[in-house]
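Heads up: the structure comes next, in structure tokens.
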Amino acid sequence: MKIAIVCYPTFGGSGVVATELGLALSERGHEVHFITYKQPVRLEVLNSSLHFHEVNVPDYPLFHYQPYELALSSKLVDTVKTHGIELLHVHYAIPHAYAGYMAKQMLKDQGIDLPMVTTLHGTDVTLVGKHPFYQPAVTFSINHSDCVTSVSKSLKEATLDTFEVKKSIEVIPNFIDFSKHQHHNEDCQRSLIANDDQRIVTHISNFRKVKRIDDVIEVFYQLQKEVNAILMMVGDGPERLKAMATCEELGIADKVKFLGKSNQVYEILCYSDLFLLPSASESFGLAALEAMMMRVPVISSNVGGLPEVNIEGQSGYLFSVGDTENMAAKSIELLQDEALLEQMKDQARAVAKCFDIDTVVNQYIAVYQKALKA
Ligand code: GMT
């Protein structure tokens, strides 16, 4: 099958999932064309079955806002015609599903039928999408997709509660490719980062408000009073500078390493003992799943899709949003009990195994086949 994938090319979960899916599809004999404004960060190779087409938006003095959707839909039309694309898969509804619909209509005018699958990832529904400025367009694009998928049951429910959806929504969870990352645990270089008697706590995100970075710092502040530990803060975003200032004020700056955006998340996770994800909203929590695959138990909030990924008492523990006191208490308990920590590490990996890529890719292929017949 020749498939076009539209996604954000950044470190965010939706871009990562879209890229990993494209890579997996190409390994299974499909031809995949990524269409976005920059080469996706996890797309390190291009070959005869993996292509990247850049969307350019020429500047013009009249434009206060760049018409990205327009450029994207034109690029889609062009790519579909040049490469004989059979199916379009857009990740994150805004503005991709809208641009995809426009491309579909333009192609229809030229006698080409392009089935479109839309995957909802989270904030496109729970945060940005439900804003009155976007809601009508998002509702329209969901209802005019040939097939719609969501990354968790919780996100499906949120979508049905938020929009007047006339389409059925299939839940296809995010996934992880175990075979690709096995070696990271084997050549883990922990001694470069910490002493043997130190615990390593990690947080990875885009440092937006929804991630509750203050809570990450607060939990760590409490736990480092009881446990010899350091905190690895991976990623970047609007809350980073404030978080750095808080660490200075609390006198823990020497124990907190802000590593910025990184393509080395598995190398960092391989030596981590605990992962913190206290988000205010999380449709799935791909970062938690990546941690679990690397044998890192997760202390998270219990919102959205997190309980579908981080299983209470098995891969980690879940608390109400903002309950930093209990998050810290549980973290301390876990980090002080070597036997329990080892057991939770094994269990975290076992739970992550349920999200191995093979099953999930086949679920997407089944949806593609359905869209092609629609
Ligand atoms: O977390 C973000 O804000 C980034 C966002 C994205 O579009 O990349 O993540 C969303 O999609 C991920 C992949 O499906 C999910 O794992 C995240 O839980 C989801 N984020 C939120 O719902 C806040």
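Hydrogens, waters and symmetry mates play no part in the numbers below; they use all other heavy atoms, side chains included.
Two rings, from His96 and Tyr8, have their centers less than 6.0 Å apart. Note: His203 and Phe220 fail the aromatic proximity criterion, with ring centroids not under 6.0 Å apart.
Distance alone, capped at 3.5 Å, is enough to place a donor-acceptor pair between the Lys104 side chain and the Leu114 backbone. In this structure, the side chain of Gln336 does not engage the main chain of Glu333 through any donor-acceptor pair within 3.5 Å. Looking only at distances, no side-chain donor or acceptor of Ser152 sits under 3.5 Å from a matching main-chain atom of Phe284. The main-chain N or O of Asp215 is never found under 3.5 Å from a side-chain atom of Thr324 such that the two would form a donor-acceptor pair. Checking side-chain atoms of Asn56 against main-chain N and O of Pro58 turns up no donor-acceptor pair under 3.5 Å. Remark: side-chain polar atoms of Glu308 are paired, donor with acceptor, to backbone N or O of Ser154 under 3.5 angstrom. Under a 3.5 Å cut-off, the side chain of Lys2 and the backbone N or O of His83 do form a donor-acceptor pair. The closest donor-acceptor contact from the side chain of Asn302 to the backbone of Leu318 lies at 3.5 Å or more, if one exists at all. No donor-acceptor pair closer than 3.5 Å links the side chain of Arg28 to the backbone N or O of Leu23.
Within 6.0 Å of atom CZ in Phe178, more than 12 heavy atoms from other residues, nucleotides or ligands are found, so the atom counts as buried in its surroundings. The neighbour count for Lys167 NZ, taken as heavy atoms of other residues, nucleotides or ligands under 6.0 Å away, is above 12. Counting non-hydrogen atoms of other residues, nucleotides and ligands closer than 6.0 Å to CD of Gln110 gives a total above 12. Other residues, nucleotides and ligands contribute more than 12 heavy atoms inside 6.0 Å of the NZ atom of Lys225. The 12-atom threshold is exceeded at CD of Glu342, counting heavy atoms of other residues, nucleotides or ligands nearer than 6.0 Å.
With side-chain heavy atoms closer than 4.5 Å counting as contact, directly or through intermediates, the hydrophobic cluster containing Phe63 also holds Tyr60, Leu62.
The hydrophobic clustering, which links ILVMFWY residues whose side-chain heavy atoms are closer than 4.5 Å, places Val138 and Tyr98 apart.
Considering every non-hydrogen atom in both Cys7 and Pro40, the closest pair reads SG-CG, 4.4 Å. The minimum heavy-atom distance linking Leu286 with Gly13 is given by the pair CD2-O, 3.9 Å.
The structure places CG of Asp196 at 11.0 Å from CG of Asn228, a figure rounded to the nearest 0.5 Å.
For residues 146-209, the pairs satisfying disulfide bond (SG atoms under 2.5 Å apart) are Cys188-Cys270, with sequence neighbours left out.
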Take Thr123 and Tyr92 through the test side-chain hydrogen bond (donor to acceptor under 3.5 Å, both in side chains) and record every step on the way to the result. CA-CA 8 Å; Thr123 42; Tyr92 206 91; 2.7 Å; yes
Can Glu249 and Lys242 be said to form a salt bridge (charged side-chain N to carboxylate O under 4.0 Å, His left out), step by step? CA-CA 11 Å; Glu249 279 161 31; Lys242 191 171 137 219; over 6 Å; no
Quick one, Lys373 with Asp146, criterion salt bridge (charged side-chain N to carboxylate O under 4.0 Å, His left out). Give me CA distance, side-chain angles, the key distance, then yes/no. CA-CA 10 Å; Lys373 283 190 202 133; Asp146 294 285; over 6 Å; no
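A salt bridge between Arg42 and Glu290 is present, with a side-chain N of the basic residue lying under 4.0 Å from a carboxylate O of the acidic one.
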